[in-house]
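Along the sequence shown, residues are numbered consecutively beginning with 1. Predicted model, so just to flag it, every value in this text is computed and none were measured. In what follows, every heavy atom counts, from backbone to side chain, and hydrogens, waters and symmetry copies are set aside.
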Amino acid sequence: EVMTSDAYAELQAKERIDSPRILEVWRAVRAHKQADIDRWWSELRDKTPLVEPYPGDPKDALATFVFRSKAPYVALLGGPDFREKPLVRIGDSDLWYLTARMPADARFDYSFLPADGPPDYHVPYRKDRGPDARFAKRQPDPNNPRVHNGQSRAELPGAAPQPWITAKPEVARGKEIGRASCRERV
């Protein structure tokens with residue numbers, strides 16, 4: 001069967017892109033419809049990560065993380081397994097995404113890392129070497145209002161409520177008067 005390049009690109013996109021919302025914006029990027037891309041991005045405000053049902057398994061969900069950056073590399077830091085995971089650029093746009101299958105009751109913190117490239121995995125261990133300098137560039141999700149310790153907080157729909165961590169106006173707030181490390185106490 002003979003197929004046009006557009007039909008072939010659509011077929012390939014449907015095989016590679018799990019999220020219907022990402023497929024929607026991929027079509028706009030492919031058609032160079034900047035107004036549709038900007039509208040799609042503005043619709044994400046306060047709604048990320050995108051959470052969609054996982055086909056055939058109600059215990060799992062598809063969580064899609066979306067970031068906008070002109071950097072040549074963007075990664076997701078954190079998440080359920082805490083490893084750095086590279087995002088995929090959508091066409092020639094400044095949109096990046098990563099869709100992952102995860103438990104529908106997951107709760108975790110994450111951030112994005114726009115960088116010049118992926119980490120160097122062949123760096124020998126040295127005691128005096130500090131953390132990867134790229135981590136100073138990490139950013140919370142601009143479309144997720146839930147922030148915890150400088151990172152975005154994701155709570156999928158099945159996550160159990162945590163009423164004990166919610167501020168209550170009728171309860172007096174405590175006052176932090178200082179911190180001591182375990183070593184200072186000994």
Side-chain angles (χ1 to χ4, degrees), residues 15-19 21-22 25-26 29 41 44-52 54 59-156 158-160 162 164-167 174-186:
E15 287 179 9
R16 294 180 181 161
I17 298 173
D18 294 323
S19 167
R21 294 292 315 273
I22 296 298
V25 77
W26 174 86
V29 168
W41 179 256
L44 294 183
R45 184 158 192 80
D46 297 341
K47 296 178 184 166
T48 56
L50 299 172
V51 179
E52 298 160 313
Y54 186 80
K59 293 181 182 177
D60 285 345
L62 289 175
T64 301
F65 304 89
V66 185
F67 192 68
R68 227 172 173 173
S69 174
K70 295 193 184 299
Y73 173 84
V74 177
L76 179 75
L77 296 176
D81 65 3
F82 300 104
R83 292 181 301 191
E84 179 175 326
K85 293 164 279 310
L87 274 69
V88 176
R89 183 178 290 209
I90 302 174
D92 59 356
S93 73
D94 61 350
L95 290 172
W96 296 78
Y97 82 98
L98 175 69
T99 300
R101 178 182 180 178
M102 56 188 58
D105 61 354
R107 176 182 287 111
F108 53 88
D109 296 339
Y110 68 97
S111 58
F112 294 107
L113 176 65
D116 294 330
D120 185 358
Y121 290 114
H122 302 290
V123 177
Y125 173 77
R126 291 199 175 86
K127 282 177 107 175
D128 58 336
R129 179 175 288 130
D132 189 338
R134 298 172 326 123
F135 291 163
K137 297 179 183 178
R138 70 183 180 172
Q139 300 173 21
D141 188 337
N143 288 315
N144 183 345
R146 297 172 301 279
V147 177
H148 179 253
N149 292 332
Q151 295 195 82
S152 297
R153 166 68 50 103
E155 294 182 2
L156 274 56
Q162 293 181 325
W164 55 87
I165 64 169
T166 305
K175 178 179 168 188
E176 187 173 315
I177 55 174
R179 293 184 183 194
S181 71
C182 293
R183 291 181 187 185
E184 290 172 351
R185 293 181 187 165
V186 176

Side chain proximity check, Tyr97 to Leu50, heavy atoms < 4.5 angstrom: no
Met102 vs Phe108, test: side-chain contact (heavy atoms from CB on, under 4.5 Å). Steps then yes/no. CA-CA 11 Å; Met102 56 188 58; Phe108 53 88; 3.5 Å; yes
Lys137 side chain to Phe112 main-chain N or O, any donor-acceptor pair under 3.5 Å? no
Gap between atom CG of Asp141 and atom CZ of Arg153 - 0.5 Å precision: 14.0 Å
Ignoring hydrogens, what is the shortest heavy-atom contact between Glu84 and Ala75? Give both atom names and the distance. CG-CB, 3.5 Å
Rounded to the nearest 0.5 Å, what's the gap from NE2 on His148 to CG on Asp109? Could you check? 5.5 Å
If you compare all heavy atoms of Ala159 against all heavy atoms of Arg107, which two are closest, and at what distance to 0.1 Å? CB-NH2, 3.5 Å
From Asp105 atom CG to Glu155 atom CD, the distance as rounded to the nearest 0.5 Å: 11.5 Å
Determine the minimum heavy-atom distance between Arg134 and Ala115, stating which atoms define it. NH1-CB, 3.9 Å
OG1-CG distance between Thr48 and Asn143, expressed to the nearest 0.5 angstrom: 4.5 Å
So, do Gln139 and Phe67 sit near enough that their side-chain heavy atoms are less than 4.5 Å apart? yes
Are more than 12 heavy atoms, taken from residues, nucleotides or ligands other than Arg45, located less than 6.0 Å from that residue's CZ atom? no
Flag the pair Pro119 / Tyr73 as yes when at least one side-chain heavy-atom distance between them is below 4.5 Å, and no otherwise. yes
Specify the closest pair of heavy atoms between Arg89 and Ala71, including all atoms of both residues, with the distance to one decimal. NH2-O, 2.7 Å
Heavy atoms of Ser19 and Thr64 approach each other most closely as CB-OG1, 3.5 Å
Around atom CZ of Arg129, are there more than 12 heavy atoms from other residues, nucleotides or ligands closer than 6.0 Å? yes
Between Leu77 and Arg138 the two heavy atoms that sit nearest each other are CD1-CB, 4.0 Å
Would the number of heavy atoms belonging to other residues, nucleotides or ligands and lying under 6.0 Å from CG of Asp116 be above 12? no
Separation between CG (Asp94) and CZ (Arg68), nearest 0.5 Å, reads 4.5 Å
Walk me through whether Val25 and Trp41 qualify under side-chain contact (heavy atoms from CB on, under 4.5 Å). CA-CA 9 Å; Val25 77; Trp41 179 256; over 6 Å; no
Taking the side chain as everything from C-beta on, heavy atoms only, tell me whether Val88 gets closer than 4.5 Å to Ile17. no
Flag side-chain contact, heavy atom, 4.5 Å: Asn144 against Tyr110: yes
Spacing of Thr99 atom OG1 and Arg21 atom CZ [to the nearest 0.5 Å]: 12.0 Å
